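All ligand and atom numbering here is 1-based and tracks the order in the structure. None of these values were measured; they are calculated from a predicted model.
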Amino acid sequence: MSVRVRFAPSPTGPLHMGGVRTALFNYLFARKHQGTMILRIEDTDQGRFVPGAEEYIMESLEWCGIQIDEGIKEGGKFGPYRQSDRKLIYKQYADQLLESGWAYYSFDSSEDLDAIRKEYESRKETFSYDTQTRKSLRNSLTLAPDEVKRLLHSGVHFVVRFRMPENHEIVMQDIIRGEVRVNTATLDDKVLFKSDRMPTYHLANVVDDHLMEISHVIRGEEWLPSLPLHVMLYKAFGWTDTMPQFAHLPLILKPNGNGKLSKRDGDKLGFPVFPINWNNPETNEIYSGYREAGYFREAFVNILALLGWNDGTDKEIYTTDELIQAFSLERVGKSGSRFDPEKAKWFNHQYMLLKSNEEIAEEFIKAQGSRLKAQVKAQGSRLRDQVEEVEWNRIVKIISLVKERAEFVKDIWSQAWFFFEAPTTYDEAVIKKRWSPEMPLILKDITSLLLPYLSLAPCALSLGEFETLIKGHIVANSLNMGNVMNILRLCLVGSSVGPGVFDIMALLGPKEVIARIDRAVQTIG
Ligand code: GLU
């Protein structure tokens with residue numbers, strides 16, 4: 001049997017990171033088994049449709065590198081892949097259940113049902129339309145056949161409900177949870193079809209999984225309560241032999257472990273819950289996404305993969321190919337997985353270290369383009385072509401020096417600004433500790449040493465050459481190495497931060513080093 005899985009979101013808003021994880025697990029499973037990954041848009045609930053949500057879902061999946069084999073954009077022989085485009089398919093299946101007695105018409109008005117609900121509440125009970133209460137409600141099980149016919153012809157509002165068998169034990173298998181048993185006495189008769197000719201989620205979902213020959217249904221735990229009905233629907237349709245296998249993924253929990261990480265958490269917890277920015281069309285509010293927060297897509301995918309799954313070892317960093325190789329549903333845990341935002345940043349940092357300096361340099365130039373203007377050429381299709389060769393090489397070296405200290409590309413500027421701009425202030429504490437009246441003279445001698453190299457571009461004089469020159473001078477003149485080195489750093493950076501002094505000098509070039517020392521002496525001295 002070939003593996004066919006589907007991700008079946010409802011376009012009722014942005015996709016939450018839990019939804020992306022569901023898509024990812026489906027994708028990993030499909031690729032591992034050389035199967036097919038389907039994207040089906042479940043939009044039967046027109047009242048909850050949100051404009052832009054469908055595009056948002058597709059853009060998010062694309063950003064994560066989750067490739068769709070069959071879907072609304074890709075096509076495929078089981079289409080259409082949007083349920084509102086399949087509207088005409090579902091009625092015959094509702095009719096089939098009505099004919100075989102697995103479903104019935106219910107004519108109760110919503111006012112009647114509300115009144116009954118209230119009456120139950122007043123007795124501190126909860127009403128459900130189920131195997132017992134249906135016996136005294138207005139439906140085709142209680143009304144005379146002629147009356148049912150008359151009502152149907154009169155155009156009155158009705159719904160089609162599933163007729164749960166009474167007191168029947170449903171036994172289900174879930175790949176993650178094992179055997180699950182439920183007695184029908186605890187279930188209600190769910191609505192399958194409405195008089196507006198639209199199916200509900202349950203009917204459309206099961207019919208489509210069957211017609212699209214889905215082999216495995218991998219979805220969030222919140223759908224586990226629907227499983228008994230779905231299993232019964234397969235039975236009612238006579239499709240038990242080809243029923244998909246089910247796997248219900250554990251919840252993603254808030255960092256404190258208290259409850260599910262939900263869409264409503266938005267930015268409240270201080271980190272995004274969405275893959276990419278979402279602009280709420282109703283309120284114009286923007287909810288932040290991992291992409292815009294500066295996460296690498298590989299890091300985001302890696303973070304999601306480990307929410308609820310591990311391969312049994314301590315390995316944490318996986319490429320998507322490694323995930324495909326290692327993934328199995330059997331190794332998905334049953335219990336909720338707590339999301340740790342600090343660990344998420346750690347993952348991003350690991351990817352920062354793994355990526356080539358050139359790749360980070362591209363991202364850095366993209367992010368800081370306007371600040372780097374002076375060094376950037378006007379045109380060029382690739383970012384690296386927009387930068388002078390010498391400057392490109394310099395930026396790549398700068399990245400190699402500072403990326404160890406950055407979690408995100410956007411952090412790099414704060415670690416590296418002094419390679420692009422001269423300091424304008426100088427740390428008082430360093431001055432107090434290291435400056436002395438003879439310092440201007442010492443610094444003058446050092447700049448004189450560099451004068452013969454004035455015309456050399458940045459990087460042309462190596463850090464070793466700077467070191468030999470300057471350290472040689474300090475030793476030969478018995479100067480205080482600690483003081484001079486710290487003051488040199490102060491002149492170049494304005495404080496005591498940054499990589500090695502000679503690294504900085506090499507990357508600034510002799511001319512800029514001399515200018516910065518002269519300016520510091522004028523300002524401080
Ligand atoms: N449309 C449902 C959702 O929004 C799909 C659930 C399922 O995968 O069966 O998540």
Side-chain angles (χ1 to χ4, degrees), residues 3-30 35-50 52-54 56-58 60-61 66 68 70-72 78 80-87 90 93 162 172 174-177 180 190-192 198-234 237 239 243-252 260-264 273-275 278 304 308 329 332:
V3 163
R4 290 179 55 83
V5 293
R6 85 307 191 263
F7 177 53
S10 299
T12 54
L15 196 57
H16 169 252
M17 58 194 280
V20 187
R21 186 200 52 176
T22 300
L24 176 66
F25 283 15
N26 273 285
Y27 174 70
L28 296 176
F29 187 76
T36 305
M37 169 76 179
I38 296 151
L39 174 66
R40 184 173 73 221
I41 299 293
E42 300 207 325
D43 59 347
T44 52
D45 192 350
Q46 294 288 315
R48 295 182 60 215
F49 176 80
V50 172
E54 197 177 281
Y56 177 94
I57 291 166
M58 292 191 289
S60 299
L61 298 181
I66 298 174
I68 305 299
E70 292 176 22
I72 51 179
F78 295 85
Y81 293 91
R82 188 189 285 115
Q83 286 185 330
S84 56
D85 297 334
R86 302 172 63 79
K87 218 152 97 182
Y90 306 110
Y93 291 97
F162 188 70
M172 298 153 280
D174 184 275
I175 297 173
I176 296 165
R177 275 142 227 282
V180 183
K190 284 270 187 288
V191 174
L192 301 177
M198 277 302 258
T200 61
Y201 154 73
H202 300 291
L203 182 70
N205 183 272
V206 167
V207 165
D208 285 348
D209 282 348
H210 172 73
L211 295 178
M212 294 182 181
E213 297 178 11
I214 299 302
S215 62
H216 296 78
V217 168
I218 305 167
R219 62 184 172 192
E221 183 181 283
E222 62 274 28
W223 300 102
L224 193 58
S226 301
L227 183 59
L229 170 63
H230 294 186
V231 168
M232 288 307 287
L233 278 168
Y234 281 97
F237 282 122
W239 298 337
M243 183 169 79
Q245 293 186 56
F246 292 93
H248 288 86
L249 308 175
L251 295 177
I252 300 179
K260 172 181 165 181
L261 186 62
S262 86
K263 281 189 185 182
R264 282 181 304 280
V273 298
F274 299 114
W278 166 250
L304 291 180
L329 288 170
V332 174

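With Gln245 as the fixed residue, the side chain to side chain contact (heavy atoms under 4.5 Å, CB included) test singles out one of Ile218, Ile175, Val217, Asp174: Ile175.
Ligand 1 lies under 4.0 Å from heavy atoms of Arg6, Ala8, Ser10, Glu42, Tyr201, Asn205, Arg219, Trp223.
Scored by the salt bridge (charged side-chain N to carboxylate O under 4.0 Å, His left out) test, Asp45 finds no partners at all (sequence neighbours excluded). Not counting sequence neighbours, Lys260 has no partner by the salt bridge (charged side-chain N to carboxylate O under 4.0 Å, His left out) test.
Between His216 and Phe29, the ring center distance clears the sub-6.0 Å criterion.
Residue pairs meeting the side-chain hydrogen bond (donor to acceptor under 3.5 Å, both in side chains) criterion with at least one member in residues 220-232, sequence neighbours excluded: Arg177-Glu221, His202-His230, Arg219-His230.
The cationic atom of Arg6 (NZ for Lys, CZ for Arg) does not lie both less than 6.0 Å from the six-membered ring centre of Phe78 and within 45° of the ring axis.
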